[in-house]
There are 2 protein chains.
Amino acid sequence: MEKKTQKHGKSVVKMRDVAALANVSIATVSRYLNGNLDRMSADTADRVADAIDKLNYVPNSAARQMVKKSSGLVAVVAGNIDDFFSTEMFKGINAMLESKGYIGVLFDSNSDLDREKHLMQIVSNQYFDGAILQPYNTVQVIRETIKRPMPIVMADREIEQSPWPQVVTNNYEVARQATQYYKDKGFKRVIMITSSLSMAANRRDRYYGIQSVINNIDVLEVSEKSYNHKKVLEQLTTLINGSQEDTLIFALKERWLTEFIPRLFYMGLIDNDHVAVTGFSDTGTAQYIDAKTKLIAQNPYLIGASSGEIMLNMLEGKHRDPEKIVVPAKFG
Amino acid sequence: MEKKTQKHGKSVVKMRDVAALANVSIATVSRYLNGNLDRMSADTADRVADAIDKLNYVPNSAARQMVKKSSGLVAVVAGNIDDFFSTEMFKGINAMLESKGYIGVLFDSNSDLDREKHLMQIVSNQYFDGAILQPYNTVQVIRETIKRPMPIVMADREIEQSPWPQVVTNNYEVARQATQYYKDKGFKRVIMITSSLSMAANRRDRYYGIQSVINNIDVLEVSEKSYNHKKVLEQLTTLINGSQEDTLIFALKERWLTEFIPRLFYMGLIDNDHVAVTGFSDTGTAQYIDAKTKLIAQNPYLIGASSGEIMLNMLEGKHRDPEKIVVPAKFG
DNA sequence: CTGTTAGCGCGTTCAC
DNA sequence: GTGAACGCGCTAACAG
């Protein structure tokens with residue numbers, strides 16, 4: 001056995017130990033590790049392999065990174081990992097990254113501006129090859145925070161004057177389209193359920209999209225962090241009964257769909273004729289609320305995959321303009 | 001401006017540049033960066049600060065890690081980040097880790113044995129100070145995969161003969177307790193809804209817990225990946241109507257609660273008297289399905305926090321025995 | 001208070 | 001086909 005005296009017992013076996021046991025130089029071991037097998041006899045390679053195995057040698061990635069200037073790691077800073085959207089986007093990102101040997105690691109802003117900033121600092125200070133952000137801070141803050149020049153992609157949340165490539169959704173258009181569908185069926189009024197803060201830009205675009213078709217909108221704000229379920233239900237009931245017009249309930253986020261709507265159906269408040277419901281949906285869970293309900297389906301996985309693809313391009317030096325890619329959501 | 005010729009334009013400004021501009025030695029800059037301000041005149045510190053600012057200097061973390069033998073990063077390999085359980089656990093982990101200056105990064109096994117193994121390899125090869133796993137592989141596989149000696153904590157999923165500390169839930173006990181509650185009310189039969197594969201150990205314990213009270217169990221397996229919603233509803237309907245006994249529907253996972261149960265209520269199949277429903281729940285969403293429904297609430301955040309705390313202890317050298325901590329779930 | 005210097009472990013020429 | 005030696009950027013003694 002080798003000495004293992006370092007902090008936390010980290011193995012102290014290094015390349016030179018392997019080299020010694022295999023009776024070769026460290027250069028040969030390095031070559032073996034990096035797959036340059038063509039410059040080495042099969043016998044040598046075998047001996048090196050054996051030695052590595054016997055000693056349980058693990059390369060020191062910090063040393064390798066220092067000279068290679070790359071870690072193979074891409075940081076993904078998500079808005080809130082409790083959201084299916086964020087996690088599914090991450091899966092999409094990784095699907096792309098891993099095809100080229102990179103791997104994404106996930107950080108959670110927890111819907112907190114300061115925390116997001118803190119995470120960006122860490123990402124900037126650690127050895128990541130690139131960063132994909134689902135950002136809430138402004139371009140300026142991001143610029144000041146991530147000091148180290150590195151490839152950056154903005155995912156999901158549109159940001160003004162972005163110097164980085166973006167991948168976004170057609171929030172305005174699809175909200176407009178959905179609203180139009182119900183307007184054509186005679187609905188003249190909207191109750192919009194939204195969270196109070198998160199994803200301001202997306203929320204705003206959706207709101208405008210609705211408004212461009214139906215102007216009569218009641219907004220019900222629900223706090224992401226904590227709300228009184230019963231009270232919200234009462235508010236909804238009051239709102240629904242507060243008008244004779246045919247009413248469309250429009251949830252800007254799937255969560256409000258699954259948490260409130262089944263109960264309203266159960267209570268008989270939604271009949272699809274005079275009171276209907278629609279909203280943005282990511283998971284597919286919401287679609288089972290009622291057979292007649294038509295929703296807006298986003299594609300977080302594809303947004304992630306696109307972001308990942310752009311990141312790969314940047315990593316390979318094909319620097320791209322700060323283009324904006326739109327991954328459309330679909331209504332129906 | 002300095003040369004920025006490296007890959008991806010990584011800044012090539014290094015400590016010696018800062019030192020030169022500030023007219024000090026690199027040791028002084030290093031001291032400044034590491035907060036040893038007491039050994040330096042305020043004036044010097046200022047000059048260093050200015051130089052860092054002017055040059056936009058960012059320390060090379062790989063070099064630092066190489067000598068410090070620590071990155072401050074802890075890897076968290078979660079079973080499936082689409083599950084609220086995993087993400088909430090991660091939040092709990094970070095709450096603890098960050099109190100001591102560490103930070104957790106999240107990896108996603110995607111409920112895939114091989115993928116989990118692959119991730120463990122990466123974690124083992126990169127410079128992480130420790131790893132918290134929500135494991136699906138066996139002790140042996142994990143041992144063979146993570147070759148580098150490092151602090152490891154197992155979270156959520158119980159594993160036989162673990163050489164590492166574990167934090168788990170009282171699956172058996174709480175399932176038993178919930179079932180008993182309904183048995184006392186006259187229920188004599190259980191329909192159990194479960195996913196086909198994931199978290200085998202947890203699932204098994206829950207099953208045994210139910211079985212220890214009520215033996216008459218119909219098992220309905222639903223695939224996590226893809227299932228026919230309508231068909232499952234039909235199966236459930238058939239099962240419910242297939243017996244005159246008072247029946248308890250027991251979901252081993254919240255997802256089945258939110259996806260199927262509201263519809264059953266709507267269809268009038270659940271009345272809480274002859275057909276009732278319960279199950280494991282993480283988010284609190286499910287509790288709004290019906291006022292009379294009593295669920296089992298897990299505490300993923302606390303499981304994470306406990307895991308994080310143990311990890312901190314190990315990182316600080318207080319090596320702990322492979323103890324097992326139980327974070328109880330609560331019924332009611 | 002501040003500077004000098006010897007490693008940290010690995011990749012990579014350039015010789016042999 | 002293989003090895004010796006330098007350099008990556010930083011920290012931590014040890015000098016002064």
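A quick note: this is a predicted structure, and the numbers were derived from the prediction, not measured. Below, read A as the first sequence line, B as the second, and so on, with proteins coming before strands; counting in each chain starts at 1.
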When the nearest nucleotide of DNA chain C is assigned to A/Ile26 and to A/Arg16 on a heavy-atom basis, which residue is associated with the more 5' position? A/Arg16
Any side-chain N or O of B/Tyr32 less than 4.0 Å from the OP1 or OP2 oxygen of C/dT2? no
Verify the contact: side-chain N or O of B/Arg64 to OP1 or OP2 of D/dT11, cut-off strictly under 4.0 Å; return yes or no. yes
Phosphate contact (C/dT12 OP1 or OP2) by A/Ser30 side-chain N/O below 4.0 Å: no
Is the shortest heavy-atom distance from the side chain of A/Arg47 to the side chain of A/Val24 under 4.5 Å? yes
I want to verify a distance call: between D/dA4, D/dG1, D/dG9, whose nearest atom is closest to the B/Asn60 side chain? D/dG9
Should B/Glu144 and B/Lys117 be marked as a salt bridge (charged side-chain N to carboxylate O under 4.0 Å, His left out) after you check the CA-CA gap, both sets of side-chain angles, and the distance that decides it? CA-CA 10 Å; B/Glu144 288 167 359; B/Lys117 193 171 166 187; 5.6 Å; no
Testing C/dG11, D/dA4, D/dT11 for proximity to the side chain of A/Ser25, the answer is D/dA4
Using a heavy-atom cut-off of 4.0 Å across all strands, would you classify B/Val29 as base, sugar-phosphate, or nothing? nothing
State which residues pass side-chain hydrogen bond (donor to acceptor under 3.5 Å, both in side chains) with A/Thr28; sequence neighbours excluded, sorted by chain then number. none
What is the distance from CG of A/Leu33 to C1' of C/dC10, rounded to the nearest Å? 10 Å
Using heavy-atom distances to pick each residue's nearest nucleotide on DNA chain C, tell me which of B/Ala63 and B/Val24 is more 5'. B/Val24
Sole candidate of B/Leu312, B/Ile93, B/Leu73 that passes side-chain contact (heavy atoms from CB on, under 4.5 Å) when paired with B/Tyr102: B/Leu312
Below 4.5 Å, heavy atoms only, C-beta onward: do A/Tyr32 and A/Leu37 meet side chain to side chain? yes
Does C/dG11 have OP1 or OP2 sitting under 4.0 Å from an N or O in the side chain of A/Lys69? no
Any side-chain heavy-atom pair from B/Gln134 and B/Asp83 closer than 4.5 angstrom? no
Within the structure provided, determine whether B/Glu323 and B/Gln166 are in side-chain contact (heavy-atom separation under 4.5 Å). no
Mind calculating the distance between CG (A/Asn36) and P (C/dC10) to the nearest angstrom? 16 Å
Respond yes when some side-chain nitrogen or oxygen of B/Asn34 is under 4.0 Å from OP1 or OP2 of D/dT11, and no when none is. yes
Salt bridge (charged side-chain N to carboxylate O under 4.0 Å, His left out) between B/Glu98 and A/Arg115, worked out: CA-CA 11 Å; B/Glu98 290 174 22; A/Arg115 185 173 164 78; 2.8 Å; yes
Closest to side chain of A/Met15, choosing from D/dC10, D/dG3, C/dG11: C/dG11
Result for 5'-nearest mapping on DNA chain D, choosing between B/Arg31 and B/Pro59, is B/Pro59
Whole angstrom is fine here: how far is it from CE in A/Met40 over to C1' in C/dG11? 13 Å
Integer-rounded Å distance: D/dC10 P and B/Tyr127 OH: 16 Å
Just to be sure I understand the rule, does A/Thr28 reach a base, reach only the sugar-phosphate, or reach nothing, if contact means heavy atoms closer than 4.0 Å? sugar-phosphate
Does a side-chain N or O of A/Lys68 approach OP1 or OP2 of C/dG11 to a distance below 4.0 Å, or not? no
To the nearest Å, how far apart are A/Gln65 CD and C/dC10 C1'? 12 Å
Among residues 42-50 of chain B, which residues get a heavy atom nearer than 4.0 Å to DNA chain C? B/Thr44
Rounded off to whole Å, could you give me the NZ-to-C1' distance for the A/Lys14 and C/dG7 pair? 10 Å
Closest to the side chain of B/Met66, out of C/dG9, C/dC10, C/dT2, is C/dG9
